[in-house]
2 protein chains.
Amino acid sequence: MAITIKDVAKLAKVAPSTVSRVIANSPRISEDTKTRVRDAMDELKYHPNFIARSLASQSTKVIGLVLPHSSGVFFQNPFFSEVIQGLSEGVHDNHYALQMTSGKTEFDSYEGVVQMVQGGRVDGIILLYSMIDDKIMEYLTKRKFPFVVIGKPYDLVDKITHVDNDNYMAAKEATDYIIGLGHHKIGFIGGSPSLTVTLDRLNGYKEALRASDIDINEDYIIHGDFLREGGQEAVKALLRRTIPPTALLVTDDLMAVGVVNTLTEMQIEIPTEVSIVSFNNALFAEMSRPPLTSIDINIKELGYQAASNLIQLLKNENDPVKRIIIPHTLVIRQSCDVAPDVE
Amino acid sequence: MAITIKDVAKLAKVAPSTVSRVIANSPRISEDTKTRVRDAMDELKYHPNFIARSLASQSTKVIGLVLPHSSGVFFQNPFFSEVIQGLSEGVHDNHYALQMTSGKTEFDSYEGVVQMVQGGRVDGIILLYSMIDDKIMEYLTKRKFPFVVIGKPYDLVDKITHVDNDNYMAAKEATDYIIGLGHHKIGFIGGSPSLTVTLDRLNGYKEALRASDIDINEDYIIHGDFLREGGQEAVKALLRRTIPPTALLVTDDLMAVGVVNTLTEMQIEIPTEVSIVSFNNALFAEMSRPPLTSIDINIKELGYQAASNLIQLLKNENDPVKRIIIPHTLVIRQSCDVAPDVE
DNA sequence: TTGTAAGCGTTATCAT
DNA sequence: ATGATAACGCTTACAA
């Protein structure tokens, strides 16, 4: 059996409660006994038992992570590694631990969350996605369990602390950039329309067109998976239009890579025949031939802020609801050119 | 306060211990009371408190994950996402949870592990790397704490359960393949020489040369980070040799991408002037221009097996030490050609 | 087959 | 400033 607080107490000739106070560095303990107790702890190589502490204090110092249920897709996207990196740093800096839940189906995920929450495994939760009509978000809200979402909640935006980019503006800027190059037949290839990030970017795209008096052509708007395959299928569909677009706004680099692959196979030249702007600025964007102009959304920071804000919320019972916007930047590379039909 | 076992007991008119037994599905409880208790649980929407259970049973059903300390590098490599995916499925299938520890420095990581172990936070640990003279591995071994490593332990190979590829054979096969194309000036670009995976692959490479009576030229062997930058620097160094190699064995796709970038910039043609075989077969290998011939090591399975074997080890006190080898396959693409100096 | 009661290792509330 | 002692919610001998 491991060394417990009692062993330390015995060695230091104090009560267990005193040892506990020393651990918490209570000001009501004399410096004298503090050092005596600390010496005993060192001598015995004492390490507090987190489980016992959690039970007594009703707090685990663990943050739960909820991945989207179709995590197979999610794992393949570099977005995953990058948020995790930010999250990991964020919790670590605050002396919390990170625990993951996946789940093949939505029900599966839901059960995982309930276990974490009702099982008292975690003090707070971070949702790594935001979609419409999400049962998990509904559950957490109803239970008033502390959580923050990465992305924009579909409902109750002003009731739920979240960390997001201004995806509307980002898409608008990207589209404006394309329009500035003379394009007016601009396609939109987005992820699942049940994700709020897709909706925001779609709206930004539409607004940019509207502001420039370009008709919105619903045939130019396609949704797919945040995967290469998603991009491949989408661009094929767009090329079947009677008048195919001369530029594409693609909401994810991995999809954009699929788009590039397909266009290259069809011997359609980028950027002379088709221009592309994508999102996320993963390594893929840089590696692509040609390198992709992409919007950097600072994924790591998204994770870091989510973690630190959740923890702050945990410490401060009545922390106000917050909306943290992480800045984005358009990184111009070589996937855009002036419109071929402009003279 | 949440619903506890006592509330259920009261409603079902049984003792708390009976409820506990029903949860554990003990055979010594009559079907009759079982259903009565279960009805009560449903009615109250009871969920067992994991923390309390952990404290009482001295087992948390949580697996700890230890990333390499320079996790910044690690996170960027697609290896990370893929193992995590496998691990995640593995623990999930066995009703365990996954908890992560990172740490900027080695000391940092070490402290994290000690906290997990002595703090009773986890039942077992998975090391996501294997390097020589690793304090953490030494600590876990000394403490006889259950753990498995992904990769091959440097010491005590037959005392530590691990999941690995046969990296020696994989490298040998890859090198043989290159030799078969007529190359005999073959460079080796590897990751850190303190990682056992690097050593194994290096040995396989050397053995292949030896078997074909090709001199081993230490000038052809370079080590770098498992990153694009690592590959870039390494290949530049190799090209400065008086007689530069005509083929390269690169132990990681991401490094290989760096190699390809650099060669392309220098207008050296792949595969006509330089052939390349890389490892891991990440999406990068396929995306590269030209697409890379790469050894698929089945990363996801590495993770899945690590998780399930650790859990089995936890269940079966005296499970034998195991060495699980995940098969690899050489995926031939377009980065290799016959040696330019062969007629 | 079921109940009683003693832990598990802390924290926290009273006393002193 | 410190010590007893009762939680925290569960598991598990030991009884019955």
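In what follows, every chain begins at residue 1, and chains take the letters A, B, ... in the order their sequences are listed. Since this is a predicted model, take the numbers as computed values, not measurements.
- For residues 11-28 of chain A, no residue pair satisfies the salt bridge (Lys or Arg N to Asp or Glu O under 4.0 Å) rule, not counting sequence neighbours.
- Residue B/Ser57 places no side-chain N or O under 4.0 Å from the OP1 or OP2 atom of C/dC8.
- Heavy-atom distances under 4.0 Å link DNA chain D to B/Tyr46, B/Pro48, B/Asn49, B/Ala52, B/Arg53 of residues 36-53 of chain B, given in residue order.
- For the pair B/Leu55 CG and D/dA7 C1', the interatomic distance rounds to 13 Å; values are reported in whole Å.
- Within residues 112-121 of chain B, no residue places a heavy atom under 4.0 Å from DNA chain D.
- Contact annotation: B/Gln58 reaches the phosphate of C/dG9 (side-chain N/O to OP1 or OP2, under 4.0 Å).
- At the heavy-atom level, B/Ser30 lies under 4.0 Å from the strands shown only through sugar-phosphate atoms.
- If you find the closest nucleotide of DNA chain C to B/Ala56 and to B/Val14, the one lying nearer the 5' end belongs to B/Val14.
- Residue A/Ala15 has its side chain nearest to D/dA4 when only D/dA4, C/dT10, C/dT2 are considered.
- Residue B/Ser20 places none of its side-chain N or O atoms closer than 4.0 Å to OP1 or OP2 of D/dT12.
- Spacing between atom CD1 of A/Ile5 and atom P of C/dC8 amounts to 14 Å, rounded to whole angstrom units.
- Considering only heavy atoms from C-beta on, B/Ile136 stays 4.5 Å or farther from B/Phe147 through its side chain.
- Each salt bridge (Lys or Arg N to Asp or Glu O under 4.0 Å) pair with one or both residues in residues 133-150 of chain A, not counting sequence neighbours, appears once here: A/Glu138-A/Lys142.
- The listed nucleotides are D/dT2, C/dC8, C/dT2; the one nearest the side chain of B/Thr18 is C/dT2.
- Atom NZ of B/Lys10 is separated from atom P of C/dG3 by 14 Å (rounded to the nearest Å).
- Atom CD of B/Glu31 and atom C1' of C/dT2 are 15 Å apart (whole Å).
- Judged purely by distance below 3.5 Å, without hydrogens or angles, the side chains of B/Ser57 and B/Ser59 never pair a donor atom with an acceptor atom.
- Atom-to-atom, CG of B/Asn25 to C1' of D/dT11 comes out at 16 Å; the value is rounded to the nearest Å.
- Evaluation of the salt bridge (Lys or Arg N to Asp or Glu O under 4.0 Å) rule for B/Glu43 yields no partner, not counting sequence neighbours.
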Pairs under 3.5 Å (N/O, protein and nucleotides 13-16 of chain D):
from: D/dA13; atom 1: N6; to: B/Arg21; atom 2: NH2; distance (Å): 2.7

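- Note on A/Lys34: nothing from the nucleic acid sits closer than 4.0 angstrom, heavy atoms only.
- Residues passing the salt bridge (Lys or Arg N to Asp or Glu O under 4.0 Å) test with A/Lys34, sequence neighbours excluded: A/Glu31.
- At whole-Å resolution of the value, NZ in B/Lys61 and P in D/dC10 are 16 Å apart.
- Of the residues B/Thr161, B/Leu313, B/Leu156, B/Ile160, the one that meets the side-chain contact (heavy atoms from CB on, under 4.5 Å) test with B/Val321 is B/Thr161.
- Within 4.0 Å (heavy atoms only), B/Ser54 reaches no atom of the nucleic acid at all.
- Residues that satisfy the salt bridge (Lys or Arg N to Asp or Glu O under 4.0 Å) test with B/Asp319, not counting sequence neighbours, are B/Lys322.
- A straight line from NZ of A/Lys13 to P of D/dG3 spans 12 Å, rounded to a whole angstrom.
- Using a 4.0 Å heavy-atom distance criterion, B/Val19 is classed as making no nucleic acid contact.
- Scored by the side-chain contact (heavy atoms from CB on, under 4.5 Å) test, B/Ile84 finds A/Phe75, A/Phe80, A/Met100, B/Leu65, B/Phe80 as partners (sequence neighbours excluded).
- In this structure, A/Phe107 has no ring pair (Phe, Tyr, Trp, His ring centres under 6.0 Å) partners at least two apart in sequence or on a different chain.
- Legend: residues meeting salt bridge (Lys or Arg N to Asp or Glu O under 4.0 Å) with A/Lys61, ordered by chain and number and at least two apart, are absent.
- Among pairs with a residue in residues 85-96 of chain A, those fulfilling salt bridge (Lys or Arg N to Asp or Glu O under 4.0 Å) read A/Glu89-A/Lys300, at least two apart in sequence or across chains.
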